[in-house]
Amino acid sequence: MLAVSGYDANALIEEQRSFRSNDDDRIFPFKHKSISTVFPRACQDLGIEDLHFHDLRHGGTSRLFEAGFQIHQVALVTGHKDWKMLRRYTHLRPEALHSLASKWAAE
């Protein structure tokens, strides 16, 4: 995770260590089926409609572009190998483009 996220990646990793009950060395030692079960239930409990766990990848990708990262930099984070596929995960907000343009003009 990058500092642009506002989270301390090292602190998150260390926090996850306290949840481990075995020698599993994964940072988030959860089974993918657990997420598939818990995420929809949490959305329902919160009254969030039509949100899927995979949608978060789309949003995260877009936020990286809005933060000013270049295509090759975003691809390093997301693991996409070509622009064609990466573009499918990009949903930029118009207001973010205006603020980015303003930021560049001020430099």
Side-chain angles (χ1 to χ4, degrees):
M1 290 193 291
L2 303 169
V4 73
S5 69
Y7 294 98
D8 180 349
N10 290 326
L12 287 172
I13 290 168
E14 290 305 316
E15 180 181 340
Q16 288 302 312
R17 288 185 201 278
S18 66
F19 295 119
R20 292 189 197 148
S21 60
N22 57 26
D23 292 332
D24 193 338
D25 62 351
R26 295 177 294 170
I27 294 171
F28 299 102
F30 305 106
K31 294 183 169 91
H32 73 279
K33 290 187 179 197
S34 298
I35 298 297
S36 298
T37 301
V38 174
F39 190 80
R41 190 179 309 146
C43 288
Q44 184 177 11
D45 291 348
L46 294 169
I48 299 171
E49 296 180 18
D50 196 30
L51 179 65
H52 307 276
F53 186 74
H54 194 75
D55 296 340
L56 301 177
R57 186 174 191 195
H58 290 261
T61 301
S62 297
R63 300 306 79 82
L64 289 171
F65 280 116
E66 290 172 358
F69 287 87
Q70 301 294 315
I71 293 169
H72 62 283
Q73 295 167 323
V74 174
L76 272 173
V77 174
T78 64
H80 288 98
K81 294 192 177 7
D82 64 46
W83 167 235
K84 189 175 180 181
M85 184 57 82
L86 180 57
R87 185 175 28 186
R88 292 182 60 201
Y89 281 86
T90 307
H91 306 285
L92 300 176
R93 297 176 296 195
E95 63 273 11
L97 296 176
H98 291 288
S99 62
L100 188 57
S102 298
K103 178 180 144 190
W104 287 342
E107 291 178 354

Once rounded to the nearest 0.5 Å, what's the spacing between atom NE2 of His54 and atom CZ of Arg57? 5.5 Å

Grab the two heavy atoms, one from Leu86 and one from His80, that are nearest each other, plus how far apart they are. CD1-ND1, 3.3 Å

Which heavy atom of Phe39 sits nearest a heavy atom of Phe53, and at what distance? CE2-N, 3.3 Å

Applying the 4.5 Å side-chain criterion to the ILVMFWY set and letting contacts propagate, would Val77 and Phe65 be lumped into a single cluster? yes

Rounded to the nearest 0.5 Å, what's the gap from CG on Leu46 to CG on Leu51? Could you check? 10.0 Å

At what distance, to the nearest 0.5 angstrom, does CD of Gln70 lie from CG of Leu64? 12.0 Å

First locate atom OG1 of Thr61, then atom CG of Leu56, and finally report the distance between them rounded to the nearest 0.5 Å. 10.5 Å

hydrophobic_cluster_shared for Ile71 and Phe69, side chain cutoff 4.5 Å: yes

